[in-house]
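All remarks here apply to the structure that follows.
First listed ligand is number 1; within each ligand, the first listed atom is number 1. Please read these numbers as outputs of a predicted model, since none were measured by experiment.
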Amino acid sequence: MTYMSEAQLTMTGVQLTSSPEKVLASIADVKELNDSSVTNAGVLSAILRGFELPKIYVQPDVERKGKVHLDEDIQLPSVDLSVFRLAEDDPRRKESLATIVNSCKTWGFIQVVGHGVDLHMIKRCEAEAHRLFDLPVSVKEKVLRVPGALYGYGSNFFRNLTAMNWAESFHISHANVREYAAKLWPTEYEQFSSAIEEYITQVQDLGDRFRRILTEGLGVPRDHFDQYFGEGDALATLRLNFFPTCPEPSKALGLKSHRDPHFFTLLHQDEIGGLQIWNEGRDEWFNVKPDRNSLIINVGDILQAASNGVYRSVLHRVVVNSSKSRLSMACFYNTRATVVSPPELISAENPQRYRPVRWEDYAKEAYTITTGKVSQIDQLYGIPEQQHKS
Ligand SMILES: O=C(O)CCC(=O)C(=O)O
Ligand SMILES: [Fe+2]
């Protein structure tokens, strides 16, 4: 296998610059210069296979340190959501609700089966996602996500990147998938568009149902948050993530550690694995065992605020490996409304912990805080302790 030094890479056109868009663009140049046979593979895997890891992907120590729990993959608590069709006092329903609440308080994550999202449809959507990532770079560049834009192709969605994520991502919504797909496949965008639309529709419907379950779990009327979401009117953005095989996986990350800023995220992952969740109490990263039939739902910052800190938005990241690429589909479920926690959750002993928060304002700052101890919602919207007492 021939490795290219950084200097050689630079000579062939890869500018090691801090702008991911430029890197993508210059990687495209390398492809055209060096190897026309790679057009049907994902951009990073195709271009970088056999190369040493360019510096721009080497994560700083702060991102790489942290003990990983090695004994055994944890199985996130898993709940069959079909029990929520049972009568309210049915013990199986109660037990499942307790599991969900506990898991969202501690792990910030829960795994669900019996979710009602069609598994064949998920497979179709994954196949379409692969079709997208397999397109030549010169085509994917037509929908490049430029800085500040919400949608499109690229892996730069944190504004404070110190190294690039070893990933290709594509952000899209139900409302604009056709517009973007038509740029990728001028005459045959129907297949991709309808798969994505159907996926978002079904996952959003699950989100609506799950939102009411989580609300009930707070001990408030299950329709309490309906006021923020309307009828099937949640904001839902889909991020397709493709993690190519990586020549030096221990130095890179598929997604650097982050908390999702939205209300919650509904995630599907293929069978490869790579998602790790930070457990604060134990000071360790935990691997999540992938299960194709389930979806993972994780609490986001807005829900943490809306639940007055009961549900936790927890740090997570994606590690990569040298032998298998991975695909995940993350649907960010959210509201445009200004969110405050229900009065039932606030008392003298348990004061209001967050100022009202509106996604449009929060989004401007949400991705700017670096990794680690400080939660971005605490820092930006948290009400300091001493103000609780006064
Ligand atoms: O790929 C995964 O497992 C996680 C993806 C994720 O955290 C995200 O897209 O925000
Ligand atoms: Fe995430």
Quiz question: by atom type and distance under 3.5 Å, do the side chains of N287 and Q276 form a donor-acceptor pair? yes
Will you find, in the side chains of H258 and D260, an N or O donor that is under 3.5 Å from an N or O acceptor? yes
If I apply the N/O under 3.5 Å rule, does Q269 come out as touching ligand 1? no
Has the side chain of N102 got a donor or acceptor atom that lies under 3.5 Å from a matching backbone atom of T99? no
Where do I296 and V288 come nearest, in terms of heavy atoms and distance? CD1-CG1, 3.8 Å
Report the part of D260 (side chain from C-beta onward, or backbone N, CA, C, O) that has a heavy atom under 4.0 Å from ligand 1; answer both or neither where that applies. side chain
Heavy atom under 4.0 Å from ligand 1: found in L267's side chain, backbone, both, or neither? side chain
May I ask you to check whether E128 and Q191 show a side-chain donor-acceptor distance below 3.5 Å? yes
Tell me the contacting part of H316 for ligand 1: side chain, backbone, both, or neither, using a 4.0 Å heavy-atom threshold, strictly below. side chain
Which of the ligand 1 atoms, numbered from 1, are nearer than 4.0 Å to a heavy atom of F332: 9 (O), 10 (O)
For N241, the ligand 1 atoms with a heavy-atom partner under 4.0 Å come out as 5 (C), 9 (O)
Below 4.0 Å, non-hydrogen atoms only: which portion of L255 touches ligand 1? Side chain, backbone, both or neither. side chain
Just to be sure I read this right, does ligand 1 sit under 4.0 Å from the backbone of F242, its side chain, both, or neither, counting only heavy atoms? neither
Taking only heavy atoms of F243 into account, list the atoms of ligand 1 that are under 4.0 Å away from them. 1 (O)
Opening angle between NE2 in H316 and NE2 in H258, taken at the Fe ion (ligand 2), to 10 degrees: 90°
Using a 6.0 Å distance limit plus a 45 degree cone around the ring axis, check whether R211 lies over the aromatic ring of F225. no
Atoms of ligand 1 less than 4.0 Å from A330 heavy atoms? 9 (O)
May I ask you to establish whether R317 and W278 are in a cation-pi arrangement, using a distance under 6.0 Å from NZ or CZ to the six-membered ring centre and at most 45° from the ring axis? no
More than 12 non-hydrogen atoms from neighbouring residues, nucleotides or ligands closer than 6.0 Å to CD on E360, yes or no? no
Which atom name would you report as the N, O or S atom of D260 nearest the Fe ion (ligand 2)? OD1
